[in-house]
Amino acid sequence: MKQATNYAEYLQINSLLNLQKSLSGSAGVKPCHDETLFIIVHQVYELLFKQILHELDSFVEEFSRPPVSENSLGYLVARLERVTQVEDLFIPLLEILETMSPMDFLEFRTLLVPASGFQSVQFRELEIKLGLYYRKGEKTVAAHVMRALNPEEQAKVSGFLATPSALALVEGWLERMPFIAAEHFDFWHEYEFAVLGMLAEERRLLARHSSQDPAAAQQLLQQWEETQLIFTSLFNADAYGVLQASGQRTLSQKATLGALFIFLYRHEAILHQPYRLLTALLTIDEKLTAWRYRHALMAHRLLGSKVGTGSSSGHQYLQKAAEHSRIFVDLFNLSTFLLPLSQLPKLPANLKKSLNFS
Ligand code: HEM
């Protein structure tokens, strides 16, 4: 007979509650009340990272075995959306930690050196598996990250780079979308015409305001010209290649057109799930970035301009890392080329038919 399941045994509560070992209060250091909070908040994060990685791993595994069926797309989207919900806990946790004052933190901070968030292997796993290194075109783990880790952790983190990231896998999936085939060229041509019309309208608006502040108007005009150039490059392999080579785009031209098509025609039944999938990835990235900025602010508030326990410049390093660690940037950029539904070109009948579940 199976023994009755017991709450504490099943959840290993005794082990869990025995994992908060303060450094203060021993070896001649007086106890610091707030160190318990510091430990528990970090542990909660690590548990949440574990849950997120559990979801992400199932996504990577399924997307590594194409073709991805409609059925699996359904539950994978639900799992990615779950990740975004878990991320909603990130910033409130920082707010709880901020109930600790800078002076209370100073009571035990020196005991932590040289330990630091730099050594969170799961955080590195998360950013690598999402595709940060793929987006940056980097094939080895950054030196400052490796320096903070022991040899075993270094091997682990380098190993994460050996598996394809979510970004790379989504790129392959988008490239396999049938909607960008040559037989639908006329449709793309019509779309291009509609967007060029929209851009021309924006150019007219800019001209109207140029007399008020000529210097600012010149800058906006330059931005407009860049946007126009990027748009035309979507349909020109050579020009697109230049954008990729300069790091302004990660996704291939084909994948970008696939994503654009999904965003534009998300109201077509068969594109609902792909749209939710791309949106979930965007949101995951957005929430992670929001956390990075918020964490930088917290470091500023608690440390001022002191350096970090991991020897970085502190809040300045974190602020820069937030700016440079976005992953699904290409998807964010696509919004530039979206049109109001009323101006979307009608899809050719054969293409429309292929988007119908029947
Ligand atoms: C008192 C609260 C905290 C302060 C003052 C703080 C400060 C810092 C600083 C200055 C760094 C840069 C590396 C260094 O020189 O140490 C850093 C990195 C990091 N911290 Fe925190 N941190 C705090 C809490 C947390 C919490 C609760 C987490 C949750 C897991 C966390 C996760 C990280 C991660 C993942 C990094 C590496 C970020 C990257 O390289 O992009 N930190 N932290």
Side-chain angles (χ1 to χ4, degrees), residues 19-20 22-24 32-53 56 83 86-133 135-136 138 140-150 153-154 156-157 160-161 284-285 287-327:
L19 295 174
Q20 294 70 40
S22 296
L23 289 171
S24 66
C32 298
H33 178 85
D34 286 3
E35 195 185 347
T36 306
L37 175 75
F38 185 81
I39 294 173
I40 289 180
V41 168
H42 278 84
Q43 289 181 339
V44 171
Y45 269 108
E46 289 294 336
L47 284 175
L48 297 179
F49 292 159
K50 185 171 179 177
Q51 182 62 43
I52 290 177
L53 287 166
L56 194 59
V83 170
V86 174
E87 283 179 300
D88 282 344
L89 298 172
F90 282 7
I91 290 180
L93 278 170
L94 292 185
E95 285 164 355
I96 296 173
L97 196 53
E98 277 183 341
T99 60
M100 171 178 75
S101 75
M103 286 170 73
D104 289 336
F105 183 41
L106 283 176
E107 290 290 346
F108 63 92
R109 179 171 177 260
T110 47
L111 301 174
L112 308 175
V113 179
S116 130
F118 268 167
Q119 294 167 328
S120 170
V121 170
Q122 288 202 105
F123 187 79
R124 296 304 171 207
E125 183 173 357
L126 179 59
E127 58 182 20
I128 291 174
K129 285 187 173 173
L130 281 173
L132 179 62
Y133 281 70
R135 205 270 294 145
K136 289 183 168 178
E138 289 171 4
T140 52
V141 180
H144 74 279
V145 170
M146 288 303 244
R147 258 198 309 275
L149 305 174
N150 67 33
E153 291 165 338
Q154 288 175 346
K156 242 182 169 177
V157 171
F160 301 140
L161 274 178
I284 289 173
D285 192 17
K287 289 186 176 173
L288 194 57
T289 306
W291 178 81
R292 285 182 189 269
Y293 279 114
R294 188 62 183 77
H295 171 248
L297 275 176
M298 181 191 66
H300 196 179
R301 175 178 173 147
L302 287 175
L303 301 175
S305 52
K306 291 190 192 79
V307 298
T309 49
S311 301
S312 78
S313 61
H315 81 90
Q316 285 158 339
Y317 161 81
L318 294 170
Q319 177 87 16
K320 268 208 199 91
E323 239 168 80
H324 298 295
S325 303
R326 291 179 57 189
I327 298 165

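Keep in mind that what you see is a predicted model, and the values were worked out from it rather than measured. Atoms within each ligand, like the ligands themselves, are counted from 1 in listed order.
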Where on Arg292 is there a heavy atom closer than 4.0 Å to ligand 1, on the side chain, on the backbone, on both, or on neither?
side chain
Is the contact between Ser311 and ligand 1 made by the side chain, the backbone, both, or neither, using heavy atoms and a 4.0 Å cut-off?
backbone
Residue-level breakdown please: for Trp291 versus ligand 1, do any non-hydrogen atoms fall below 4.0 Å on the side chain, on the backbone, on both, or on neither?
side chain
Need the ligand 1 atom indices (1-based, order shown) with element for anything under 4.0 Å from a heavy-atom of Gly314.
10 (C)
Closest non-hydrogen protein atom to atom 25 (C) of ligand 1, residue and atom name please, with distance?
His42 NE2, 3.3 Å
Heavy atoms only: which of Tyr317, Phe123, Tyr45 lies closest to atom 30 (C) of ligand 1?
Tyr45
Relative to ligand 1, is Arg124 under 4.0 angstrom through side chain, backbone, both or neither, heavy atoms considered?
side chain
Considering Phe49, Phe105, Phe118, which one's heavy-atom position lies nearest to atom 5 (C) of ligand 1?
Phe105
Sequence neighbours left out, what passes side chain to side chain contact (heavy atoms under 4.5 Å, CB included) with Ala115? Give chain and number order.
Gln119
Shortest non-hydrogen contact from Leu149 toward Val121:
CD2-CG2, 4.3 Å
Identify the two heavy atoms, one from Arg326 and one from Arg135, that lie closest to each other, and give their separation to 0.1 Å.
O-NE, 2.7 Å
Under 3.5 Å donor-acceptor, Glu107 side chain and Asp104 backbone:
no
Any idea which protein heavy atom is nearest atom 16 (O) of ligand 1, and the distance to it?
Gly310 N, 2.8 Å
State which residue, out of Leu126, Ile284, Leu288, Leu130, fulfils the side chain to side chain contact (heavy atoms under 4.5 Å, CB included) condition with Ile52.
Leu126
Nearest non-hydrogen protein atom to atom 12 (C) of ligand 1, with distance, is Ser312 OG, 3.2 Å
Check whether any side-chain heavy atom of Tyr133 lies under 4.5 Å from a side-chain heavy atom of Phe160, and answer yes or no.
no
Atoms of type N, O or S from the protein that sit nearer than 2.8 Å to atom 21 (Fe) of ligand 1 number exactly 1
Quick one: salt bridge (Lys or Arg N to Asp or Glu O under 4.0 Å) pairs with a partner in residues 87-97, sequence neighbours left out?
Asp88-Lys287
Residue part near ligand 1, for Val307, under 4.0 Å between non-hydrogen atoms
neither
Within ligand 1, which atoms have a heavy atom of Leu302 less than 4.0 Å away?
1 (C), 2 (C)
Taken in chain and number order and not counting sequence neighbours, the residues that satisfy salt bridge (Lys or Arg N to Asp or Glu O under 4.0 Å) with Arg124 are Glu127
